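Since the structure is predicted, the reported quantities are computational estimates derived from the model, not experimental observations. Both backbone and side-chain heavy atoms feed into the values below; hydrogens, waters and symmetry mates do not.
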Amino acid sequence: MSTLGTSVPGADGFVFVIQSNSPTQLSTVTGSTVGYSGIYPSVGVKFDIYQNIEIGDINNNFVAVVKNGDIATVVGGPYSPTSSINNGNIWSAWVDYDGTTLRVYLAESSTTKPVSPAITTTINIQSIVGSSAYIGFTAATGASSANHDIYNWSYQTN
């Protein structure tokens with residue numbers, strides 16, 4: 001969500017991260033890297049709301065699968081929804097993984113999972129992060145700001 005009362009768009013975004021370093025792993029780089037830079041080994045789902053041309057962002061409204069703390073190298077997607085994910089509405093996201101395929105689903109103003117995923121990518125997460133991992137979120141901003149409110153989330157295995 002953009003900061004109210006200003007013409008400067010919100011920035012920069014957040015990442016849902018699966019990594020095997022530590023439960024308190026942090027990036028030392030803020031702004032355009034959304035707090036994900038250097039988190040290695042890892043797999044992340046990046047929700048980007050600010051176009052950083054210098055790192056190859058396609059626009060200011062996309063979701064992508066990234067890995068190993070490198071937000072510029074997209075391994076799944078990117079997907080740009082028709083509506084802005086920075087429009088102030090509540091968005092729901094689901095990240096499903098079956099051991100070989102990662103799927104990301106998005107829904108605006110709805111808690112009903114869509115039938116079709118926004119992103120589908122083949123990836124072996126275990127070969128990247130190992131057999132155990134920590135799951136969480138990173139976020140960062142540069143000269144602008146934004147609120148990234150996670151109202152609820154859950155993790156389940158089959």
Side-chain angles (χ1 to χ4, degrees), residues 1-19 27 29-37 39 42-123 125 128 133-158:
M1 278 61 36
S2 296
T3 304
L4 299 176
T6 179
S7 62
V8 177
D12 270 276
F14 71 96
V15 181
F16 168 75
V17 181
I18 304 165
Q19 54 88 16
S27 171
V29 182
T30 61
S32 62
T33 68
V34 293
Y36 181 65
S37 180
I39 299 178
S42 64
V43 173
V45 178
K46 176 185 174 188
F47 297 81
D48 198 304
I49 62 168
Y50 188 87
Q51 185 175 20
N52 291 284
I53 297 169
E54 70 278 7
I55 59 170
D57 284 354
I58 61 165
N59 59 36
N60 64 347
N61 182 50
F62 71 95
V63 178
V65 179
V66 291
K67 73 176 188 175
N68 291 331
D70 181 2
I71 52 121
T73 303
V74 173
V75 296
Y79 171 77
S80 291
T82 305
S83 295
S84 172
I85 56 176
N86 190 31
N87 64 7
N89 291 337
I90 295 174
W91 285 74
S92 296
W94 296 260
V95 178
D96 292 351
Y97 182 65
D98 65 9
T100 57
T101 304
L102 187 135
R103 293 175 181 86
V104 179
Y105 300 81
L106 294 173
E108 181 180 11
S109 302
S110 175
T111 57
T112 302
K113 183 177 171 181
V115 174
S116 299
I119 298 172
T120 301
T121 190
T122 301
I123 188 167
I125 295 175
I128 297 168
Y134 303 99
I135 300 171
F137 298 90
T138 68
T141 189
S144 192
S145 65
N147 292 329
H148 307 294
D149 299 317
I150 309 296
Y151 290 110
N152 62 61
W153 76 287
S154 65
Y155 172 81
Q156 61 189 43
T157 60
N158 294 336

Nearest 0.5 angstrom please: F16 CZ to I150 CD1, how far? 10.0 Å
In terms of heavy-atom contacts, I135 and Y155 come closest through CD1-CE1, 3.3 Å
Testing the basics here: between A11 and H148, what is the closest heavy-atom pair and its distance to 0.1 Å? O-NE2, 4.3 Å
Please work out whether the ring planes of W153 and F137 are parallel, tilted or perpendicular, with thresholds of 30° and 60°. perpendicular
Supply the atom-to-atom distance I71 CD1 to K46 NZ, rounded to the nearest 0.5 angstrom. 3.5 Å
Could you please spell out the steps behind the side chain to side chain contact (heavy atoms under 4.5 Å, CB included) verdict for F47 and V63? CA-CA 5 Å; F47 297 81; V63 178; 3.7 Å; yes
Return the CD1 to CG distance between I58 and N52, rounded to the nearest 0.5 Å. 13.0 Å
Hey, does the side chain of N87 reach the backbone of N89 with a donor-acceptor pair shorter than 3.5 angstrom? yes
Heavy-atom nearest pair, D48 first then N59, reads OD1-O, 4.4 Å
Using distance alone, with no hydrogens and no angle criterion, decide if Y36 and S42 have a side-chain donor and acceptor under 3.5 Å apart. yes
Ignoring hydrogens, what is the shortest heavy-atom contact between A64 and V74? Give both atom names and the distance. CB-CG1, 3.8 Å
Roughly how far, to the nearest 0.5 Å, is CG of N61 from OG of S80? 5.5 Å
Against L102, only a single residue in V65, T122, D96, I119 fulfils side-chain contact (heavy atoms from CB on, under 4.5 Å); can you say which? V65
Got a donor-acceptor contact below 3.5 angstrom from the T73 side chain to the K67 backbone? no
So, taking the atom named OH in Y97 and the one named CD1 in I125, what distance separates them when rounded to the nearest 0.5 Å? 4.5 Å
Which heavy atom of D57 sits nearest to which heavy atom of Y50, and what is that distance? OD2-O, 3.0 Å
Any donor-acceptor pair under 3.5 Å from Y79 side chain to L106 backbone: no
Minimum heavy-atom distance A140-G35, with the two atoms named: CB-N, 3.4 Å
If you measure from OG1 on T100 to CD1 on I123, what distance do you get to the nearest 0.5 Å? 11.0 Å
Find out whether I49 and N60 are in side-chain contact, i.e. whether some heavy atom of one side chain is under 4.5 Å from a heavy atom of the other. no
Evaluate the criterion side chain to side chain contact (heavy atoms under 4.5 Å, CB included) for residue pair R103 and W94; output intermediate values, then yes/no. CA-CA 8 Å; R103 293 175 181 86; W94 296 260; over 6 Å; no
